[in-house]
Amino acid sequence: MTAVTEADALRTPRRSRRSTTLAIGCVLVGMIVAVAVVSFFWVPYDPADTSGDRLMPPGLPHLFGTDKLGRDLLTQLMIGARIALTVGVGSVALGGLLGVAGGLAAGFATRWLDDTISALLDILIAFPTLLLAMLVVAVRQASLGSAILAIGLAMSAIVARLTRVLVKRVLSQDFITASRTSGTSWPRVVTEHVLPNIWPTLLVNLALQLGLAVLAEASLSYLGLGPPPPNASWGSMLQEAQATVLTSPVGAIAPGVLLVVLVIGVNLIADGLRDVADPTRRRTR
Amino acid sequence: MSLLDVTGLGVRSGQGRELVSDVSFTLEAGARLGLIGESGSGKSLTALAIMGLLPTGMTASGSVVLDAPGLPRTQITGATERDLNGLRGRAVTVVFQEPLTALDPLMRVGRQLAEPLGRRHGLRGAALRRAVVAALEEVRLTEPDRIARAYPHEISGGQRQRVAIAMALACEPALLIADEPTTALDVTVQAEVLALLDGLVSARGMALLFISHDLAVISRITDHVLVLRDGRAVEAGAVRDIVNAPRHPYTRSLVDSARELDSPLDRITL
């Protein structure tokens, strides 16, 4: 805790291992992002184009083959990347914004307000995400927006609870009191000390949540609660390829692999970010 | 008029338990007072009540009047947050026990020190950087430039406590409250930091309220002590008298255990 000079020697190799993690994560996510960006300007076929032969194996003219309706799989995969990232980033933005705001409010609130917010959060967390998604879909129909709304809402409760605990922990520390003993006003304490101190943990958690959001979108689409066709989501591709997985495995394997690549990439970034964002972590891990 | 006049100070917890009751003392400008007692005796709460910084839920009663030169005479109990913020730093400030938690772990030392310095003296840019280095030099930190760029976990415990002292002095307070400032330090470092604190307080003519559980430490830095037990003042007077002829049984046990643990105490006071 106090012995520090030895830690200086440890820091350099540790840190570089961490930045390798970050670099690999960035490469993996970067590939998916590149594919998603390209899909906005160019896809090999129209996603609704069923002119190809059914269940073609990989080759030409369909690089990854076709599905059971004769649609081009590469096209679907590219659009799927776009949808996965949109839902991931969208729901993290929504969940992060709501969650951090709610958590800050609860962290600073007086006891009864804090208790009320905490109870609400507990209920929201106990509520199954899928059930929440079904409710949202029932009210708004299945769409990209509904998926983002459902996943973002479920996420906001988790983020809010984390933020609340982090704020409470920081506020109880001496350096907040020390800062106030020198006459620093509350708003300045929040911007100068509270937010910077909860930010690293929050950032890592939001990155992890992004990976979970991508998986949640795949699950929703698999159940038919995601964006409807012709918006090919990886989840719905998996579902459609399920019946023909033995005769034509590419349709199931390709979206599955991309899903794993994206989630692992995001998690590696989250892991690597921990050190970049938090100088005190550089010596302990 | 005294700098600090505490009369019948009481602190209650949220559940209504009395944590400090009927503590009274006065402190003239430039004077020193030691506050001694075991953990849980209400020493730190007394200090926080003087700052108007009691943890949420706790309430203070009685009267704490702070009359620092150049600042309005203020009754701390019941004062508004705005009034208190004007006093904190300039009238009174605190050095805490554990320097690692008293510094923001994610902010470079120089920047933390720049915050009160800049606010107090209206400095910016290069002038502020020079003031930060000067403040670090004043607490006898070698390599002030390196320390200013370091994060708190990158410097030693003694260095951290020196930085914390520099931060407390940045606002040039009339009264410094030192809440067990050396308890978390190694014995050798402890002596150095005590000597530093002693010198700085004398040089600036500050009043000092020194809180400790250690009679030997207190006897090195102040002449007068107030003995607290279970939130009540049990005895007050000159350190010499209290060590030689403790009147209250608790004080006697305090002195006896201090003698037992700290035989050098005999050499210092007798």
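Numbers restart at 1 for each chain; the letters A, B, ... are given by sequence-line order, proteins then strands.
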Per-residue contact mode, [X] against chain A (heavy atom under 4.5 angstrom):
{"X": "B:Leu48", "result": "side chain"}
{"X": "B:Val95", "result": "neither"}
{"X": "B:Glu81", "result": "side chain"}

Task: Between A:Thr177, A:Thr184, A:Ile176, the one whose heavy-atom pairs under 4.5 Å with chain B are most numerous - done: A:Thr184
TODO: Tell me the residues of residues 134-145 of chain B whose non-hydrogen atoms fall below 4.5 Å from those of chain A, in number order.
DONE: none
Residues, nucleotides or ligands: over 12 heavy atoms within 6.0 Å of [X] [atom1]:
{"X": "A:Arg161", "atom1": "CZ", "result": "no"}
{"X": "A:Arg169", "atom1": "CZ", "result": "no"}
{"X": "B:Arg120", "atom1": "CZ", "result": "yes"}

TODO: Considering only heavy atoms and a distance below 4.5 Å, find which of B:Arg88, B:Arg111, B:Met51 pairs most often with chain A.
DONE: B:Arg88
To the nearest 0.5 Å, how far apart are [atom1] in [X] and [atom2] in [Y]?
{"X": "B:Leu84", "Y": "A:Arg180", "atom1": "CG", "atom2": "CZ", "answer": "8.5 Å"}
{"X": "A:Trp186", "Y": "B:Asn85", "atom1": "CH2", "atom2": "CG", "answer": "10.0 Å"}
{"X": "A:Asp174", "Y": "B:Asp179", "atom1": "CG", "atom2": "CG", "answer": "8.5 Å"}

Taking the side chain as C-beta and beyond, is there a heavy-atom pair between [X] and [Y] under 4.5 Å?
{"X": "A:Phe175", "Y": "B:Pro152", "answer": "no"}
{"X": "B:Glu115", "Y": "A:His193", "answer": "yes"}
{"X": "A:Ser179", "Y": "B:Asp104", "answer": "no"}

- [ ] Please report the closest heavy-atom contact between A:Asn197 and B:Pro105, naming both atoms and the distance.
- [x] OD1-CG, 3.5 Å
Task: Exam field: side chain B:Arg119 to backbone A:Ser182, donor-acceptor pair closer than 3.5 Å - done: yes
- [ ] Measure A:Ser172 against the heavy atoms of chain B and call it side chain, backbone, both or neither at under 4.5 Å.
- [x] neither
TODO: Decide side-chain contact (heavy atoms from CB on, under 4.5 Å) for B:Glu98 and A:Gln173; before the verdict, give the C-alpha distance in whole Å, the side-chain angles of both, and the deciding distance to 0.1 Å.
DONE: CA-CA 10 Å; B:Glu98 176 49 74; A:Gln173 294 205 311; over 6 Å; no
